[in-house]
Structure formats: C-alpha cells, structure tokens
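Please read the structure below before turning to the comments.
Positions are given from 1 along the sequence. Just so you know, ligand 1 is whichever comes first in the structure, and atom 1 is the first atom listed for that ligand.
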Amino acid sequence: MLRWLTAGESHGPELTAVLEGLPAGVPVTTEALNISLARRRFGYGRGARMKIEQDQLRITGGVRHGLSMGGPISIVIENTEWDKWIEIMSPDPVDSSTLTGARAEPLTRPRPGHADFTGMQKYGFIESRPVLERASARETAARVALGSIVESFLAELGISVVTHTVSIGKISGGDLLPKPTDVVDLDEDPVRAFDTKLSQAMVEEIDQAHKDGDTLGGVVEVLVYGMPPGVGSYVHWDRRLDGRLAGALMSIQAIKGVAVGDGFESATRRGSEAHDEMQLTDGLVARITDRAGGIEGGMSNGEIIRVRAAMKPISTVPRALKTIDVATGEESTAHHQRSDVCAVPAAGVVAQAMVSLTIADAVLEKFGGDSVAETKRNLASYLESIPANLKSKIVS
Ligand SMILES: Cc1cc2nc3c(=O)[nH]c(=O)nc-3n(C[C@H](O)[C@H](O)[C@H](O)COP(=O)(O)O)c2cc1C
C-alpha cells in the first residue's frame, strides 16, 4: 500500500526520500519533520558530527498548505557541509589526481563490522569510500522524516507510537512502559530512558566506554497505542504483522535482534505463564497481560504493540580494530572516522519511524482510503460491525 525509497550518500549534496500511497488530508509540515530529525540527532554518546549536522529539510512534492494531496510526497535533506565535500563526492567526473587533503586519501583499510570490505568485493571498488557513503546510518535521517509523516496519519486514526531505551551495554531494566503523554519527558532525557535512575546509570556507562576508547550497543523498545484489532494477517506468511515489523527493524543499520512482546524471554517460561488470558472489562474482552506484545497470529489484537530491537556496539571503535590494507596487502588497523560512542537513543527514533511506516502500511491494507476522512470512516464502520460478543478493548 505504502511504498518508500531513500537515495543519497552520507556526504553527498542531499538525501532524498519519496513516500507513495499516503491518503490526502494528512497534516505534514516542515516544522514537524524538523522536530523528528532533531530527535534523531540527539542522544548522549553521539559524536561531534551530530552537532555539525544541522539537517536542512525541504518538502518538495505532494504537500500543499500543510496537507498531503494524495500523490507521492518527496523530501530532501541538504548536507550543510556540502561545500567541504563537493570535490570528493561530486556526481560529475573529476580528475582525482588534482584532489588534495585528508579526505582525498583512498580508504583502503576497511573497517570490521561495516559494509566496507564486502561492499568492495561485491561492486569491485578499489577503496571503501563508495561503500561507506551509502551504508552509513546518515540514510536513516530520511527514514525518520518519512516516519514522522506517517505518524501524523496514524494520529488521525487515534494510533500513537512511542520509543524508549531499555538498555545500554550492561545497564538494563527499562521495563516500565511510557505512555504517549510521556513523550515530552523522553525527549528531554539524554538517553531516552523512561526511568531517571536508569538514565543516570546509562550516561555513566557511556562516559566509561568513552574513557576506555570503546563503544556500546543496547536495546530499544517501540510501543504502539490505539491499534485496532485485526491489522496484519494469519492467512499469508508475508502479511503477518510480526514478520513485517521484524523485517523493518532488522533493516536498520546495526540492529541484530528483534523481539515481539516478551520474545526470547517467553521461550524460557511454561505455557501457563507465557500467554495473555482474557477477561471481561466493562463488557469488552480484554487481556490480563500483554506478553504477546499486542500481536497474535500475525494480527494486532488491540493491546499495546510492543517490539524491541537490539543494537550491536558501534563498529568504529576508537582503539582501531585490526584489518588488512588492501592497497599493500599487509595487516593494519582500520580507518577511523568521526563516530558515535553509543547511538542507541538515536536508533530508537529510527526504530519508531520504521514501526510507524510498517503499521501505516498494514493499516492502509486493511482500511484503505484516498483521503484520511475515508480511512477514518472505514475504520469506524469496521469497529462498529464487530458483533457485541467479539468486541474487545483497544489500549490507547
Ligand atoms: C542511528 C545510528 C547511528 C550510527 N552511528 C554509527 C557511527 O557513528 N559509527 C559507526 O561505526 N556505526 C554507526 N552506526 C552503525 C553502522 O551504520 C552499521 O553498523 C554499519 O553500517 C554496518 O551495518 P550492520 O551493523 O547492520 O552490519 C549507526 C547506526 C545507527 C542506526
């Protein structure tokens, strides 16, 4: 239903993104998108580059007077440092013998944990610049902007998406669930932790890793409130909501594991302690727990959708890792670029965007609509048509 595509390199002139399939009438403003981009840049443990990178976003198609028009929406995020990179990343041919300065050095010492080496093998590049420019997580700025657009659509349907940090390195315990109204507090927390004691311990952990010349990973959680039941499918493997969410989260750079609901933890329990029993609350069917993370049989069940994503530690370790210099064929140490110590809070913002895009796609598959008003009507009539004995509580 929804299609989206990003283009552009980390130090290219701009990132471009196109979102197709969004109904007309969705509020979309440059200001709202800029707020989302700022949330991605923010987060304790991010490197100097984040302070330099002032995203300059422009909406270039599909929106008029603050509302989507039903056609493809296009955005660009300009590289504010383009003048410094114009020769290195020029799309037009350049005489490479005339290039000077550190940036002109061919990158022949591929970084372990990155796309560098295999990308060179795959595309036949003699250095890793063309690989790392696209593999870099700078691309996620475009995904966050698109996520922000669809979040606005979901909000029109009463669906809200929240992210928080569950663990950084060995500091974990983020089991309290923030509500949509807690977003302001989360935005102010340096690591997007909901529990302030946890937040302080996480900041200290990042400081220690920084002192030790090392990096950290962690786990983020995304929660979806107000999700109507029956979105997704049990009849086709590729329409299952859990599968789609897992794929979307795993597509984020450095995400190496996904859990839906209690995930791996539930594999350690007995069946009697692993599922969500039903009861009647105010005449509606409701769950006593939400261990399944709001998804059963590949469909939303009206509870809070809860997914976690595990991020590996940043691969660009300041104490450079061993590699091979492909120019000399000798053992060496990896190139070191300006890099984050920990990008877990930022990864949470990207995860929120990918979850929002996936949920919006599945919502449109079920309810359709060329305008938001039409989607709303379809949703309302579906909920109304559910027989009284099958009506269930939607947690919002
Ligand atoms: C928001 C975000 C920021 C990142 N920042 C860095 C960084 O500063 N340095 C780094 O080496 N990797 C960073 N990464 C991870 C790399 O992009 C990623 O590990 C690399 O592209 C290889 O992909 P893979 O880990 O999925 O195999 C970041 C990832 C995300 C999601």
Exercise for review: Give the residue, atom name and distance (to 0.1 Å) of the protein heavy atom nearest atom 24 (P) of ligand 1.
Suggested key: Lys256 NZ, 3.5 Å
Revision key, fill the gap. Among non-hydrogen protein atoms, atom 5 (N) of ligand 1 lies closest to Asp340 OD2, 3.0 Å
Review point. To the nearest 0.1 Å, how far is atom 1 (C) of ligand 1 from its closest protein heavy atom, and which atom is that?
Key: Ala346 CB, 3.8 Å
Check your understanding: Would you find a donor on one side and an acceptor on the other, under 3.5 Å apart, between the side chain of Ser199 and the backbone of Ala193?
Key -> no
Revision key, fill the gap. Within 4.0 Å of some non-hydrogen atom of Ser315, the atoms of ligand 1 are 11 (O), 19 (O)
Practice item. Run the salt-bridge test on Arg244 and Glu365 with the 4.0 Å N-O cut-off and return the result as yes or no. Key: yes
Point to revise | Sub-4.0 Å atoms of ligand 1 with respect to non-hydrogen atoms of Arg46 | key: 3 (C)
Review point. If you measure every N/O of Gln253 against every N/O of ligand 1, is any gap under 3.5 Å?
Key: no
Check your understanding: In terms of atom number and element, which parts of ligand 1 are under 4.0 angstrom from non-hydrogen atoms of Ala137?
Key -> 2 (C), 3 (C), 4 (C), 17 (O), 28 (C), 29 (C), 30 (C)
Check your understanding: What residue among Leu19, Ile59, Thr60 forms side chain to side chain contact (heavy atoms under 4.5 Å, CB included) with Ser74?
Key -> Thr60
Revision key, fill the gap. A student checking ligand 1 against Ala135 at a 4.0 Å heavy-atom cut-off should list atoms 21 (O)
Revision key, fill the gap. Tested for side chain to side chain donor-acceptor pair (under 3.5 Å) against Gln352, the lone hit among Arg192, Glu151, His164 is Glu151
**Study point:** Atom indices of ligand 1, in the order listed, that fall short of 4.0 Å to a heavy atom of Ile252
**Key:** 31 (C)
Check your understanding: How about Thr140 and Arg40: does a side-chain donor come under 3.5 Å of a side-chain acceptor?
Key -> yes
Review point. For Ser339 and ligand 1, does the shortest N/O to N/O distance drop below 3.5 Å?
Key: yes
Check your understanding: Tell me: protein heavy atom nearest atom 22 (C) of ligand 1, and distance?
Key -> Gly113 O, 3.4 Å
Check your understanding: Does any N or O atom in Ala115 lie less than 3.5 angstrom from one in ligand 1, N or O only?
Key -> no
**Study point:** Selection from His114, Met311, Lys312 by shortest heavy-atom distance to atom 12 (N) of ligand 1
**Key:** His114
Practice item. Do me a favour and list the nearest non-hydrogen protein atom to atom 13 (C) of ligand 1 with residue, atom name and distance? Key: Ile314 CD1, 3.5 Å
Exercise for review: In sequence, state the C-alpha distance, the side-chain angles, and the governing distance for Arg308 and Glu221, and then conclude on salt bridge (Lys or Arg N to Asp or Glu O under 4.0 Å).
Suggested key: CA-CA 4 Å; Arg308 289 186 172 194; Glu221 186 167 67; 2.7 Å; yes
Review point. Can a non-hydrogen atom of Arg40 be found less than 4.0 Å from any atom of ligand 1?
Key: no
Point to revise | Contact atoms of ligand 1, heavy-atom distance to Thr316 under 4.0 Å | key: 9 (N), 10 (C), 11 (O)
Point to revise | pair Ser272-Arg269: side-chain heavy atoms closer than 4.5 Å | key: no
Practice item. Using a strict cut-off of less than 4.0 Å between a Lys/Arg side-chain nitrogen and an Asp/Glu carboxylate oxygen, indicate whether Arg306 and Asp262 qualify as a salt bridge. Key: yes
**Study point:** Thr140-ligand 1 polar pair, N/O distance under 3.5 Å
**Key:** no
Check your understanding: What residue and heavy atom of the protein are closest to atom 23 (O) of ligand 1, and at what distance?
Key -> Ala254 N, 4.1 Å
Review point. Any side-chain donor-acceptor pair under 3.5 Å between His11 and Glu133?
Key: yes
Review point. Any luck finding a side-chain donor-acceptor pair between Tyr44 and Asp189 under 3.5 Å?
Key: no
Practice item. May I ask you to check whether Ser371 and Arg377 show a side-chain donor-acceptor distance below 3.5 Å? Key: no
